[in-house]
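These notes concern the structure reproduced below.
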Amino acid sequence: MELIDGNTIAASLIAELKAEVSSLPGRKPCLALVRVGDDPASVSYVRKKEKTADEIGLVGRIILRPVGTTQQELEQLIDELNADEGVDGILVQSPLPKPLDELAIFRRVSPEKDVDGFHTLNLGKVAQEDDSGFVSCTPAGIMELLARSGVDLKGKHVVVLGRSLIVGKPVALLALQKKTGANGTVTICHSSTRDIGNLTRQADVLIAAIGKPEFVTGDMVKPGAVVIDVGINRVPDATKKTGYRLTGDVHFPSASERADKITPVPGGVGPMTVAMLMKNTVKAYRLRHRTGH
Ligand code: NAP
């Protein structure tokens, strides 16, 4: 069994981006990071994104708004950031507190600054295999992890657990694309899928993104498969200082006995998501300033 080390792969991507950014003339690319409320996971994600932006030499502009911010106030903020010449990319940390309409906010971000890739236009470009848009960061990170681990999806059966807009659907579309590294045969499972184990056992590549701790057990994995665990779940653990531990959607001890390659949690897909956000920000800057690469 080989561990797919997201930390190491993300570190090389970050080093490449750092070199690229240092060679850019003039103002550095700027990423606006919008967080509404104090959800602990969101606080830590935004902090990590800010730190990575700083490491690469990007400008991270943190914008915090309290719980109770109205839809109209948030839309106004997005409009201001869309119009701000000094901002290249906008990220609105998900999930937004209720009752804010997250999809409406994602659509409000200008497609040219939508480095999270959730705007209708950018999702449509993934379906149309048009590289001029932004691919959402977690699915893009998964594809990069696979490519850099020498996994070619061509002719393989890729089974995706989860059909969210953020992970399941876009990663399924990417795996299906008629492009080098992709060309997979894709099955998508969700909460109404019957006998999931029967499908996962047919997967050459299994991508789990359902948000259910350790859902995928070893007996659900085909011997020799590649397993990508997207899940990040906080499970109560009294032995930890924080009171919780992080676990994926895959039961690592049993799945790693059957898999040929597998990602850990933490240290698998998570770091790649952050790295791809930075890559998208540099791309947004280049598209806006028409500097080729
Ligand atoms: P989500 O929006 O809650 O979607 C979960 C999906 O899983 C839905 O499509 C749901 O089906 C399906 N599902 C739920 N329970 C199921 C079950 N028992 N059997 C089969 N399908 C089931 O979640 P998400 O945003 O995609 O996130 C999924 C996980 O990935 C979470 O743990 C999240 O924290 C993690 N995540 C990690 C990263 C990263 O950077 N590593 C980024 C984003 C998300 P229905 O559609 O039928 O409801």
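All ligand and atom numbering here is 1-based and tracks the order in the structure.
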Please tell me if the side chains of [X] and [Y] come closer than 4.5 Å, counting only heavy atoms from C-beta onward.
X    : Y    : value
V282 : L17  : yes
L31  : Y285 : no
L103 : L165 : yes

Do ligand 1 and [X] have nitrogen or oxygen atoms that lie under 3.5 Å from each other?
X    : value
S191 : yes
V269 : no
T273 : yes

What are the atoms of ligand 1, with element, lying closer than 4.0 Å to any heavy atom of [X]?
X    : result
G270 : 40 (O), 41 (N)
V167 : 26 (O), 43 (C), 44 (C)
G162 : 6 (C), 7 (O), 9 (O)
N233 : 32 (O)

Would you call [X] and [Y] a salt bridge, using N to O less than 4.0 angstrom?
X    : Y    : value
E144 : R148 : yes
R245 : D237 : yes
E16  : K279 : no

Straight-line distance of S42 OG to L33 CG, nearest 0.5 Å
11.5 Å
Gap separating the CZ atom of R163 from the OG1 atom of T193, nearest 0.5 angstrom
7.0 Å
What protein heavy atom sits nearest [atom], and how far away is it?
atom                    : result
atom 42 (C) of ligand 1 : T138 OG1, 3.2 Å
atom 8 (C) of ligand 1  : R163 N, 4.0 Å
atom 24 (P) of ligand 1 : S164 OG, 3.7 Å
atom 15 (N) of ligand 1 : K212 CE, 3.5 Å
atom 21 (N) of ligand 1 : H190 C, 3.1 Å
atom 18 (N) of ligand 1 : F215 CE1, 3.5 Å
atom 31 (C) of ligand 1 : G211 CA, 3.5 Å

Could a heavy atom of [X] be found less than 4.0 Å from some atom of ligand 1?
X    : result
T193 : no
G168 : no
L161 : no

For [atom], tell me which residue out of [options] has the closest non-hydrogen atom.
atom                    : options          : value
atom 28 (C) of ligand 1 : G248, A209, G268 : A209
atom 12 (C) of ligand 1 : L165, I196, I210 : I210
atom 37 (C) of ligand 1 : D249, V230, V160 : V230

Counting only heavy atoms, which portion of I232 has something under 4.0 Å from ligand 1: side chain, backbone, both, or neither?
both
Under a 4.0 Å heavy-atom limit, does M272 contact ligand 1 with its side chain, its backbone, both, or neither?
neither
With a 3.5 Å distance limit and no angle check, can you tell me whether D114 reaches the backbone of F118 through a side-chain donor-acceptor pair?
yes
Return yes when atom NZ of K179 has more than 12 non-hydrogen atoms of other residues, nucleotides or ligands closer than 6.0 Å, and no otherwise.
yes
Please determine whether the number of non-hydrogen atoms from other residues, nucleotides or ligands lying under 6.0 Å from atom NZ of K125 exceeds 12.
yes
Only one of L145, V205, D204 forms a side-chain contact (heavy atoms from CB on, under 4.5 Å) with V151, so which one is it?
V205
Identified salt bridge (charged side-chain N to carboxylate O under 4.0 Å, His left out) counterpart of D88 within the set K28, K113, R27, R286:
R27
Closest non-hydrogen atoms of I4 and P264, given as atom of the first, atom of the second and distance, are O-CD, 3.2 Å
Hey, is atom 3 (O) of ligand 1 under 4.0 Å from any protein heavy atom?
no
